[in-house]
Amino acid sequence: MDAIRWEGNTLYLLDQTKLPVTEVWLAYHDWRAVAEAIRTMVVRGAPAIGISAAYAYALAALAGGDLGQAKAGLAASRPTAVNLFWALERMERKASACGGSSDALIAEAKAIHAEDVAMCRAMGAYGAAVVPEHARILTHCNAGALATGGYGTALGVIRAAHEQGKVAMVYADETRPLLQGARLTAYELVADHIPATLIADNMAAALMARGAIDLVVVGCDRMAANGDFANKIGTYSVAVNARYHGVPFYTALPSSTIDLSLSDGSQIPIEQRDKDEVRALGGVQTAPAGVEVYNPAFDVTPHTLLTGVITERGIVYPPFRENLAKRFG
């Protein structure tokens, strides 16, 4: 399963706003349209955003456009996912080295894409080692093939564990307000024939209290130097519940998602999204039109609630500041 393709100097994105009902691929020839696709979550997930931005930068070179303007416009599309800025910085360095050659920049974007898939498979292999036999795993939002170049981060761990025959059940939080767990994670799990049960976000604690969850694995959009990390809103609640019930809680991420320039999670910028995402569900109004809404796309989970960080270079355990610096500094 993939959500990003490059064919014939054209970027194709699977429109994730239409899943799981309809699979629609959209063609892109202009970086501005890709920026809008990122902003409107046609493509989403930190690694996938970075890959898409890299291809968009290459599209700007193909069109003979201003690469500085393209970088700035793409960087403004979503503020939290650090992979976006990492990929753009890498593309800018390549542009300086190759004189803005579109062929070289396309090759660089393809390399970023391929490296992401390889990193996901590596972290899946490391992460599967901590999954017990007959595991009942909880995940939140979507950190699968659709959120990456392919295979997935948190779902990459689950896929690898399933390939080893370890997975008894995956519980997917629906992930309000945009239902990425219901629309996307459940879609991936069903497609891969991995045992899956969809739950509302407010059911996780009840399952943990019954002893029905053995492990939590989630994705990450940005991790600070001390291990605090931003992920889809609701992740913090899952982490608190996991700690209370003694359930191991892991995040899975590529090294490009770690931002050692930020001391702690309070410095991670949190995107605020449209209020109507909460006032309505599937285009149907569910709340008074005039009610005030607080709609952050992400929350920050403190490192004190983390059991470990699964990466393509192995699993990092506490103390996170010291061990992240040793591994990735």
Decide yes or no on side-chain contact (heavy atoms from CB on, under 4.5 Å) for Tyr12 and Ile4, but give the supporting numbers first. CA-CA 6 Å; Tyr12 293 90; Ile4 305 168; over 6 Å; no
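- Ile213 contributes atom CD1, which lies 6.0 Å from atom OH of Tyr171 (distance to the nearest 0.5 angstrom).
- Summarising the geometry, atom OG1 belonging to Thr148 is positioned 9.5 Å from atom CE belonging to Met119; distances are rounded to the nearest 0.5 Å.
- Contact between Ala172 and Gly181 at its shortest, heavy atoms only, is CB-O, 4.4 Å.
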Check the pair Asp259 / Ser261 against side chain to side chain donor-acceptor pair (under 3.5 Å), numbers first and verdict last. CA-CA 5 Å; Asp259 189 351; Ser261 72; 2.5 Å; yes
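- Note on Val170 and Tyr250: same hydrophobic cluster, where clusters join Ile, Leu, Val, Met, Phe, Trp and Tyr whose side-chain heavy atoms are under 4.5 Å apart, directly or indirectly.
- Using a 4.5 Å cut-off on side-chain heavy atoms (C-beta onward), Ile233 and Arg176 make no contact.
- Residues satisfying the side chain to side chain donor-acceptor pair (under 3.5 Å) test with Glu89, not counting sequence neighbours, are Lys71.
- Here Arg159 pairs with Glu188 in a salt bridge; the nearest charged N to carboxylate O distance falls below 4.0 Å.
- With a 6.0 Å radius and a threshold of 12 heavy atoms from other residues, nucleotides or ligands, Phe320 has its CZ atom above the threshold.
- No side-chain heavy atom of Thr251 sits under 4.5 Å from any side-chain heavy atom of Val217.
- When all heavy atoms of Gly219 and Ala154 are compared, the closest pair comes out as N-CB, 3.8 Å.
- Inter-residue side-chain proximity for Ser255 and Glu312 is flagged as met; some heavy-atom pair is nearer than 4.5 Å.
- Partners of Tyr55 under the ring-ring contact (aromatic ring centres under 6.0 Å, His included) rule, at least two apart in sequence or in another chain, are Trp6, His113.
- Of all heavy-atom pairs between Cys98 and Leu105, the closest is SG-CG, 4.3 Å.
- For Leu26, the side-chain contact (heavy atoms from CB on, under 4.5 Å) partners two or more places apart in sequence, or in a different chain, are Asp15, Val24, Tyr28, Val42.
- Among Gln16, Arg183, Arg44, Gln180, the one residue that satisfies the side chain to side chain donor-acceptor pair (under 3.5 Å) test with Asn142 is Arg44.
- A side-chain N or O of Asn83 and one of Ser256 form a donor-acceptor pair less than 3.5 Å apart.
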What do the steps show when you test Asp173 against Leu198 for side-chain contact (heavy atoms from CB on, under 4.5 Å), and what is the final call? CA-CA 6 Å; Asp173 286 342; Leu198 179 66; over 6 Å; no
Tell me, with the steps shown, if Asn295 and Gln272 meet side chain to side chain donor-acceptor pair (under 3.5 Å). CA-CA 6 Å; Asn295 187 22; Gln272 297 291 327; over 6 Å; no
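- Heavy-atom minimum distance, Ser77 versus Leu84: OG-CD2, 3.7 Å.
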Using side-chain contact (heavy atoms from CB on, under 4.5 Å), reason through Asp192 and His162 one step at a time and then give a plain yes or no. CA-CA 10 Å; Asp192 279 0; His162 175 67; over 6 Å; no
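- Shown here for Asp116 and Gly150, the closest heavy-atom pair between the two residues is OD2-N, 4.3 Å.
- Other residues, nucleotides and ligands contribute only 12 or fewer heavy atoms inside 6.0 Å of the NE2 atom of His134.
- A salt bridge links Arg90 with Glu108: the distance from a Lys NZ or Arg NE/NH1/NH2 to an Asp or Glu carboxylate oxygen falls below 4.0 Å.
- For the atom pair OH of Tyr187 and CG of Leu189, the computed distance is 12.0 Å after rounding to the nearest 0.5 Å.
- Counting only heavy atoms from C-beta outward, the side chains of Ile137 and Val216 never approach each other to under 4.5 Å.
- Under the 6.0 Å distance and 45° angle rule, Arg121 counts as a cation-pi partner of Tyr151.
- A side-chain donor-acceptor contact under 3.5 Å links Arg243 to the backbone of Thr304.
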I'd like to know whether Leu67 forms a side-chain contact (heavy atoms from CB on, under 4.5 Å) with Glu92, so could you lay out the CA-CA distance, the side-chain angles of the two residues, the decisive distance to 0.1 Å, and finally the verdict. CA-CA 8 Å; Leu67 295 181; Glu92 185 176 59; over 6 Å; no
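- Looking at Arg273 and Glu271, a side-chain N of the basic residue comes within less than 4.0 Å of a carboxylate O on the acidic one, giving a salt bridge.
- Atom CZ of residue Arg78 and atom CD1 of residue Ile49 lie 5.0 Å apart, to the nearest 0.5 angstrom.
- Between Ala128 and Lys166, the shortest heavy-atom distance links the atoms O-NZ, 2.8 Å.
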